[in-house]
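For reference, the structure discussed in these notes is given below.
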Amino acid sequence: MDYFSKNGNITVHEPDFDLDNTLDCGQAFRWKKFSGDYECTYIGTFLNDSLKISQVKKGEFIFHDVSEDDFKNKWFEYFDFGTDYSELKKMFSEDETLAKACQYAGGIRLLKQNPWECLISFIISQNNNIPRIKGIIERLCGNYSGRFPNPCELAEETPESLSYLRSGFRARYICDASERVESGEIDLQETAVMPIDEARKNLKKIVGVGDKVAECVLLFGMYRTEAFPKDVWIKRVLEEYYPNGFPEFLKDYAGIAQQYLFHYMRTKSE
DNA sequence: CGCCAGGACGCCC
DNA sequence: GGGCGTCATGGC
């Protein structure tokens, strides 16, 4: 990966990166796609900074109106540019099915997102589809001038006051999570670095957080690459291609491998 | 219209 | 411990 700053923008060259693959593969729900002068452009927000990013062509990107400091201190981490995905994919490709998934969607990167936002987002995700998840989160953030509400703000809400989200039975789960985080009963920063089984147990104290949501929070919000969420798509892959279990040699990065498989299975026939 | 979705929970055995 | 009905909502 290399980059340079010019006219207030950052230009990035990174062959193992694709905006559609990374920003529309079900790990983040607040990136919006625009068409325009480039192959594609996305606008999104991480913490309090919004970003407009364009894919000029395969492997070349423009981070609009971003200083070199902001790029180094923030977006470099967020997009996990410190990790060599060609090495990861080389390892994944020793497995036949994963080799196909990497071939199909080799531009996926695991985003280093915010644990709190991931917790609420993946609570909303349960038994839900991606377009509707995006809609609920958009209505939520729309109620806070476009930013994601913090635990203090959400802890004041009730399932009834959240009815504008139209999140159904998940509203009370959002409230339970908010109360436990706001009260300090669950410290997400501490949870992020716990031994993983302890972290799982801790997250699952929240009503509405089971195995799947806990794994998603660990993987997408805490960069625990060994976490392995099993949704309906992954369960199909496991049944069909891994009847003897998922390869042991991948376990430290099973979550990232899982993301390639998820995107592959979900979109290959479209 | 019916089936499904990045599931969890309560109840049953 | 595993199996099953239920829970809102709306995309397709």
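Fair warning: this is a prediction, and the values are worked out from it, not measured in the lab. A note on names: the letters A, B, ... follow the listed sequences, proteins ahead of strands, and every chain is numbered from 1. Just so you know, these numbers use all the heavy atoms, side chains as well, and skip hydrogens, waters and symmetry mates.
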Practice problem: Establish whether the base of dG7(B) is bridged to the side chain of E215(A) by a donor-acceptor pair shorter than 3.5 Å. | Solution: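 Result: no qualifying N/O pair found.
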
Exercise. Find out whether V217(A) and T191(A) are in side-chain contact, i.e. whether some heavy atom of one side chain is under 4.5 Å from a heavy atom of the other.
Key: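 No, side chains not in contact.
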
Practice problem: Could you pick out which residue, K204(A) or Q27(A), lies toward the 5' side of DNA chain B when each is mapped onto its nearest nucleotide? | Solution: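 Residue closer to the 5' terminus by nearest nucleotide: Q27(A).
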
When we call it a touch if two heavy atoms are under 4.0 Å apart, what does [X] touch: a base, just sugar-phosphate, or nothing?
| X | value |
| --- | --- |
| R236(A) | sugar-phosphate |
| I206(A) | sugar-phosphate |
| I136(A) | nothing |
| G208(A) | sugar-phosphate |
| F228(A) | nothing |

Self-check item: Stacking check F262(A) vs dG6(B) (5.5 Å / 30 deg)
Solution: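 Yes, F262(A) stacks on the base of dG6(B).
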
Quiz item: Are side-chain N/O atoms of Y104(A) and T267(A) paired as donor and acceptor at under 3.5 Å?
Solution: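 Per modelled atom types, Y104(A) and T267(A) side chains form a pair under 3.5 Å.
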
Quiz item: With distance as the sole criterion, is a donor-acceptor pair present between the side chains of K205(A) and N202(A) under 3.5 Å?
Solution: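 Checked: K205(A)/N202(A) side chains pair up, N/O donor to acceptor below 3.5 Å.
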
Per [X] side chain, nearest of listed nucleotides [options]:
| X | options | result |
| --- | --- | --- |
| F29(A) | dA5(B), dG6(B), dC9(B) | dG6(B) |
| N127(A) | dG7(B), dG10(C), dG6(B) | dG7(B) |
| Q126(A) | dT9(C), dA8(B), dG6(B) | dA8(B) |
| P131(A) | dC12(C), dG7(B), dT9(C) | dC12(C) |

Exercise. Would you please confirm or rule out a distance under 4.0 Å between OP1 or OP2 of dG10(C) and any side-chain N or O of R166(A)?
Key: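 So the side chain of R166(A) is within the cut-off, an N or O lying under 4.0 Å from OP1 or OP2 of dG10(C).
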
Exercise. Indicate whether OP1 or OP2 belonging to dC4(B) is found under 4.0 Å from a side-chain N or O atom of R266(A).
Key: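 R266(A) to dC4(B) OP1/OP2: no side-chain N or O under 4.0 Å.
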
Quiz item: Ring centroid separation for F17(A) and Y85(A), is it under 6.0 angstrom?
Solution: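 Not under 6.0 Å, so no.
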
